[in-house]
Every structure is written in C-alpha cells, then in structure tokens.
Participant: 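For reference, the structure I am asking about is given below.
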Amino acid sequence: MSRSDATARSNRSGGRVRGTRLSGAGAVAVVLAFGAFGGLAGLAAGVAVAVGSLVLPATYAFAFGHVALLFALPSPTLRQIAAVELGLAAVLVSPMAGTDGGRRLIAATALCFVGLAAVVAPASLAVDPLWTVAAALVALVAALSYGVHRYERLRLGLLEGEEP
Amino acid sequence: MRATNRYWTTVAVGGVLVSLALLAARPVALVGAAGIGAWLLTTQFVAAERMAAVPDGVSASVSVESERATVDRELFVTFAVERDVPSGDRVEAVAPLPAAARGPDRGSRTVRLGPGDHRASTTFELTFPVAGQFSFPRPRVSVSDWSGQFEESIRCGDAPEVTVEPLGPHDLHVGRGGERATALYGEHATDQAGSGLIPAEIRRYAPGDSISRIDWNATARFDHPHVREFETETDRRTALVFDHRASMALGPEGASMLDYAREVALWYSHATEQLDDPLGLYTVGDGGTTTERHPSGTSSQYQRVRDRLYELTPTSAADDGSSGRVGRRTGRGRTLRGRLRGDDSAFAARLRPFFESTDGYVRRVTSDPLYAAVRRQRAQLRGTVWTALVTDDSRRAETLETVRLAVADGNYALVFLTPRVLYEGAGLAELEPAYHRYVEFEEFRRELERLPRVTAFEVAPNDRLSALLDAGRGERAEGAPP
C-alpha cells in the first residue's frame with residue numbers, strides 16, 4: 001500500500017515528451033545525414049541507428065551510431081562528421097530533457113562534448129600514433145572525473161579529516 | 001556517492017569506442033568516446049550536487065501501531081519516505097526489522113519514490129515470536145540519480161522501540177469489591193516476643209535472661225536492669241492450591257481465568273521466595289490432584305513451582321473421577337437427619353431443613369477435587385500452614401467448605417477468586433445483569449472473609465471490572481437498588 005504525489009509527476013511527463021521530441025529530431029537528422037553522404041548503404045545505416053535510438057539507451061545508441069559511421073562513411077569529411085555528430089549528440093542528450101534543469105544539463109554536456117572533441121579532432125590529425133591521443137583523452141576524462149569526485153567530498157565536508 | 005553497474009557499463013561502451021578507433025585507425029570513433037566522456041562527466045557532476053543535499057532533503061520514518069505488543073500477535077507498522085522537494089532522483093528504502101521480528105519479504109517492505117514523487121509509504125504486519133524489548137534499526141535510504149549511474153545511501157529517521165510482552169493477561173486486578181489491594185503478602189510476625197530484629201518492648205530484667213539482652217540505655221534511664229524484647233519473625237509455611245479444572249478455561253485465548261490465576265500464583269511464588277517462606281504446590285484437575293509438592297524453602301523449589309504453573313492447562317471435565325466418593329460426614333448427616341425426622345419439637349423443625357440438604361451437599365463437597373486436595377494437604381502437614389487457594393466462583397458451596405477446612409485448627413487462608421461473569425465472552429454485553437452477578441460474587445467473597453483468618457480477593461481483568469463498576473455506579477445514580 002503506497003501513495004505518491006501525482007501532481008509533480010505531470011511535470012515529469014512533459015519532460016519526457018520533450019526528450020522524445022529531441023530524440024526523434026536527432027534520429028531524423030542522423031538518417032538524413034547518413035542518407036545524404038553515404039548513399040543507400042548510408043541510408044540503411046542511418047535507419048538502423050534511428051531504430052537503435054528508439055530501443056537502446058541513449059549512450060548505447062550514440063556508440064552504435066559511431067560504429068555505423070565507421071562502416072557507412074569510410075572517409076568522411078569534417079563537414080560530414082559534424083552533420084552526423086549533431087544528430088547523434090541530440091540522441092545522446094535527449095534523456096536529459098526530462099530532468100530538472102534539463103536545458104542547463106544539455107548545454108553543459110554539449111559544451112563538454114565540444115571541448116573534448118576540440119581536443120581530440122585536431123590532435124588525432126597532428127599527432128601520430130593514434131593511441132597517444134586515445135590515452136590523452138582517457139587521462140583527461142579520468143582526471144576531470146576525479147576532480148568532480150573531490151568536489152563532491154568537499155561539498156559533503158569529508159576533506160577536513162584527510163592528510164594534506 | 002557510489003557508481004553503479006550502469007555507470008561502469010557506460011564506461012565500457014566508451015572503452016569499446018576507443019578500442020575501435022585504435023583497431024580501425026579511425027579518429028572519428030575517438031570523437032564518439034569523447035561524447036561518452038562528456039556524458040559521464042556531466043551526469044557525475046549533477047549527481048554530486050544532488051547527493052550533497054540528500055541528508056537534509058530526504059526523511060524516513062517508522063511508526064508502529066503501539067509501542068507495546070504481544071508475542072505472536074500482529075503489530076502494524078507504517079514505513080514512510082518523504083522528500084522536501086520532488087526531483088528526478090529515485091529514492092528507495094527498505095523498512096528495517098528488529099531482531100527476532102517476523103515480517104513480510106523485502107519487496108513488501110520496500111518504498112520507492114519515483115521521479116517527481118513527494119511521499120510514499122507502506123504498511124505491513126510484524127509478529128514477534130519472543131518477548132522482550134526490541135529497537136527498529138534506523139532506516140537506510142538509497143538515492144540514485146536520474147540516470148541510474150550513481151547512488152548514495154544514508155541512514156535517517158527515528159528508530160522506535162517496541163516492548164513485546166508474553167501472551168497472557170496484562171491488566172491484572174487483584175483486590176476487593178473493585179478496589180485494588182495494595183498489600184497482599186508481606187513481612188509477618190508471630191505476635192510472640194523473643195530474639196529478632198524488630199524492637200517490641202522493654203521490660204525489667206528477670207533471672208534467667210541472658211546478660212547480652214540487657215539494654216544499657218534503658219537500664220541507665222530506669223536505674224534497674226532492663227532487657228529489650230524483639231519480635232520473633234518466623235518462616236511462614238505456605239501451600240499454594242491451584243485449580244486448573246475445565247471451568248478455568250473460560251475466557252479468550254491468553255486471557256482466560258487460568259491465565260489470570262496463573263499470574264497471581266506466579267506472583268505469589270515470587271513473594272514467598274523473597275521472604276524465604278517454604279512453599280508447596282498442590283494443583284487440582286477435574287480428576288483429582290495433579291501435583292503434590294510439599295512446602296520447601298530450597299531455591300530450586302520455587303523455580304519448580306513456577307515451571308509447573310507454566311505447564312498447567314485446563315483439564316477435561318470428562319476426567320471427573322468423583323463418583324461414589326462419600327466422605328465421613330455423609331454418614332453423620334444421615335444419622336442426624338433420621339433422628340430429626342422422629343422429633344416433632346420446634347428445635348428439630350428448625351434444624352431439619354439444614355440436615356435435609358446435608359447428605360447431598362457433603363457428598364458433593366467431599367467429592368470435589370479441590371476439597372479433597374486441601375484435606376489431603378491438611379492431613380500431611382503439621383503445624384500452622386497458610387493456604388493460598390486460587391480458584392473460580394463456579395462451585396461456591398464447595399469453595400466455602402474447602403476454605404473452612406483450610407483454616408481449621410488455627411490455620412490461615414488467602415483465597416484468590418476469578419469471577420466468571422468477568423470472563424464470559426458475552427457476559428458484559430448486557431451490563432445490568434452482569435453487574436448483579438458481580439454483586440452476588442462480591443457477597444460470596446465477603447462471606448468467605450467473614451470466616452476467621454481468611455482473606456479473599458477477586459482476580460479479574462481490570463478493564464472489564466472497571467466497565468462493570470461504572471455501569472453499576474450509573475445504575476445506583478438512577479436510583480435502582482445495587
């Protein structure tokens with residue numbers, strides 16, 4: 001026997017609608033980009049990614065889109081990559097639309113994505129071998145994640161007892 | 001804040017993209033890994049912000065139907081989780097169970113607050129198989145962020161305590177005429193002076209008195225040797241006669257006449273133990289005496305008496321083995337009745353009704369197992385004996401004769417009676433007749449107390465007795481005769 005607040009839930013359903021719209025827009029953008037740049041094979045890949053965005057969690061669909069990108073566009077230009085990434089990014093952030101402060105969260109994620117991509121893309125062109133760029137990316141994300149972890153402990157007042 | 005399996009799965013997805021980038025030598029997969037990294041970082045940051053506010057924003061409470069419970073009886077528990085501001089985080093908490101408590105499975109005790117929910121609660125039943133005092137552990141509340149990648153557990157809320165009492169009566173009233181007795185059993189003296197601890201009197205020294213008993217202060221005051229006398233304290237030999245015949249089964253389970261009588265008997269055994277009074281136990285069933293343990297003051301005796309009292313259950317009325325048992329007085333009564341029949345004097349006419357009924361009455365009394373048990377006890381125990389008789393009021397004539405027998409030869413008796421009217425299921429449905437039956441009982445109790453050296457008490461459920469007495473007061477206030 002449990003009881004819950006139904007009024008607050010109606011706000012949540014509005015958020016889910018916005019998330020679904022964003023995900024749908026992203027899927028359409030992905031299909032169009034793949035179809036425009038990859039021909040029939042690209043169109044098929046785009047449709048597969050769009051279907052995947054409906055049935056898979058956003059992060060899995062996003063990753064699946066990049067695997068499709070590897071096979072559907074063997075040598076994409078920067079503009080082609082940007083077009084596909086735009087659609088995939090919309091799919092990635094669509095669940096955030098339904099959360100409290102969803103717009104800020106989407107903006108922060110997008111900004112972070114652009115920042116990391118801005119490091120990776122030029123570096124992968126300039127630096128050889130590629131694994132050093134991959135290692136740098138992993139190290140950067142790990143360092144930032146550790147920083148967030150330390151910030152959380154600071155918020156909880158758990159840093160005072162630690163050795164300097 | 002703890003990362004969940006979902007977080008590590010997302011990390012693995014990012015790792016797969018990095019691996020693909022290296023295997024296929026395609027930097028574009030690294031861009032995808034960067035997107036996954038951005039997702040992980042922002043969700044982690046938001047979760048850290050939210051979790052820092054959890055201890056102040058989420059509360060859990062366990063409330064019990066009553067702080068007192070009874071062994072194997074259901075106790076309703078309500079478990080509620082609340083948060084100040086509805087958010088997208090998911091809150092889950094499992095109602096904790098005290099040690100030894102039996103409750104529903106974990107799923108039935110789990111409360112969940114979905115995204116946007118403000119409050120949720122669940123109610124379930126608990127039972128305790130053993131008596132004691134139990135504390136609920138403080139509830140642990142788990143909060144997971146909207147993405148399900150991070151969770152935090154905190155303990156919050158109060159931890160109520162429950163006192164679980166054994167199955168049995170809890171509102172025992174022992175008293176007289178509705179008034180609770182304040183002292184039932186205590187120190188006792190023999191009314192004889194001698195050596196002891198309690199000063200009694202000072203008297204002049206007489207030849208033969210021990211010099212050690214001279215009170216020097218009194219001697220100086222009166223200018224002649226004086227000795228101080230003390231009250232002599234003795235151990236009181238006590239025989240507890242306990243009735244557990246079928247009639248004692250009256251009443252609801254756990255609160256029958258036998259249960260209340262047992263409580264009194266247990267208390268009595270403790271009281272005698274505290275005063276080092278030798279205690280014996282004689283239990284009486286429908287077929288006769290079921291236990292015969294003569295008075296003893298050893299420490300194991302009191303425990304054995306109590307163990308036996310705990311074991312007792314009402315016997316079956318079919319066990320009645322009283323048929324054909326005619327006592328010695330039966331023959332005397334028949335002889336006297338024969339003589340009175342042939343006597344036409346006014347004296348004989350006056351006495352005849354009493355002896356007309358004596359034959360059946362004495363046969364009935366002497367065949368009564370309670371009477372037989374006391375008679376046997378009286379035959380076996382020499383000297384002064386205090387008999388504590390615990391029975392009901394269903395056989396008043398037999399009880400009266402039994403008490404008479406118990407106090408014969410200068411002995412004493414304490415009688416604890418359970419009035420049937422206060423244990424009958426529908427007995428109190430109509431208060432007025434029930435009150436009249438109680439008044440009859442009270443008259444019987446007073447009749448017992450009119451016997452020399454007899455003290456009689458009623459043993460009853462306090463709430464029922466109070467209800468009955470209130471009804472009686474109301475009736476008297478309206479002018480009806482009590």
Side-chain angles (χ1 to χ4, degrees), chain A residues 1-5 7-12 15 57-60 62-63 65-67 69-70 73 76 81 85 88-89 92-93 95-96 98-101 105 108-117 119-121 123-125 130-131 133-134 137-138 140-141 144-145 148-149 151-152 155-156, chain B residues 1 6 9-11 13-22 24-53 55 78 80 85-89 111-124 145-147:
Chain A
M1 185 174 64
S2 62
R3 189 163 57 85
S4 57
D5 191 330
T7 309
R9 275 190 168 177
S10 62
N11 298 333
R12 294 281 315 160
T59 47
Y60 296 1
F62 179 77
H66 282 84
V67 174
L69 181 60
L70 289 180
L73 301 175
I81 291 173
E85 288 294 347
L88 290 176
L92 181 67
V93 300
M96 295 176 173
T99 65
D100 300 325
L105 186 57
T109 305
L111 197 63
C112 190
F113 182 26
V114 170
L116 289 174
V119 173
V120 168
S124 59
L125 295 175
L130 190 60
W131 68 264
V133 181
L137 174 67
V138 170
L140 182 61
V141 171
L144 289 171
S145 178
V148 174
H149 168 69
Y151 168 75
E152 180 212 353
R155 285 289 309 269
L156 293 172
Chain B
M1 193 169 77
R6 184 175 288 188
T9 307
T10 308
V11 170
V13 167
V16 167
L17 286 178
V18 171
S19 301
L20 273 177
L22 294 177
R26 297 284 298 276
V28 71
L30 278 184
V31 176
I36 296 293
W39 164 277
L40 290 172
L41 288 171
T42 48
T43 52
Q44 184 186 358
F45 182 80
V46 171
E49 285 277 310
R50 292 268 171 80
M51 297 301 174
T78 300
V85 181
S87 69
D89 302 328
V111 169
R112 292 183 182 85
L113 286 180
D117 287 344
H118 177 64
R119 185 181 189 278
S121 65
T122 183
T123 301
F124 55 90
D145 75 326
W146 67 272
S147 67

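Letters A, B, ... mirror the listed sequences (proteins, then strands); counts begin at 1.
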Participant: Work out which heavy atom in A:His66 is nearest to a heavy atom in B:Leu17; give both atom names and the distance.
Facilitator: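 Of all heavy-atom pairs spanning A:His66 and B:Leu17, the closest is CB-CD2, 3.9 Å.
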
Participant: Atom CG of B:Leu40 and atom CG of A:Leu144: how far apart are they, to the nearest 0.5 Å?
Facilitator: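 These two atoms lie 11.5 Å from each other.
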
Participant: Could you report the tightest heavy-atom contact between A:Ala134 and B:Val18, atom names first, then the distance?
Facilitator: CB-CG1, 3.8 Å

Participant: Answer yes or no: is there a side-chain heavy-atom contact under 4.5 Å between A:Leu73 and B:Val28?
Facilitator: no

Participant: What distance separates B:Ile36 CD1 from A:Tyr60 OH, expressed to the nearest 0.5 Å?
Facilitator: 9.5 Å

Participant: Any chance you could measure A:Thr99, atom OG1, to B:Asp145, atom CG, to the nearest 0.5 Å?
Facilitator: 10.0 Å

Participant: Within the structure provided, determine whether B:Val31 and A:Phe113 are in side-chain contact (heavy-atom separation under 4.5 Å).
Facilitator: yes

Participant: What is the minimum heavy-atom distance between A:Glu152 and B:Ala48, and which atoms define it?
Facilitator: CB-CB, 3.6 Å

Participant: Hey, mind stepping through A:Met96 and B:Thr43 against side chain to side chain contact (heavy atoms under 4.5 Å, CB included) and telling me if it holds?
Facilitator: CA-CA 9 Å; A:Met96 295 176 173; B:Thr43 52; 4.2 Å; yes

Participant: Check ring pair (Phe, Tyr, Trp, His ring centres under 6.0 Å) between B:Phe45 and all other residues, then give those that pass, not counting sequence neighbours.
Facilitator: A:Tyr151

Participant: Checking A:Leu92 against chain B: side chain, backbone, both or neither under 4.5 Å from a heavy atom?
Facilitator: both

Participant: With heavy-atom distances below 4.5 Å as the criterion, would you say the side chains of B:Gln44 and A:His149 are in contact?
Facilitator: yes

Participant: Among residues at least two apart in sequence or on other chains, which ones pass side-chain contact (heavy atoms from CB on, under 4.5 Å) with A:Ala108?
Facilitator: B:Thr42

Participant: Does the side chain of B:Pro27 reach to within under 4.5 Å of the side chain of A:Val120, using non-hydrogen atoms?
Facilitator: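 They are not in contact (no side-chain heavy atoms under 4.5 Å apart), so the answer is no.
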
Participant: Calculate, to the nearest 0.5 Å, the distance between atoms CG and CG belonging to B:Leu41 and A:Leu140 respectively.
Facilitator: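 Here the interatomic distance stands at 8.0 Å.
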
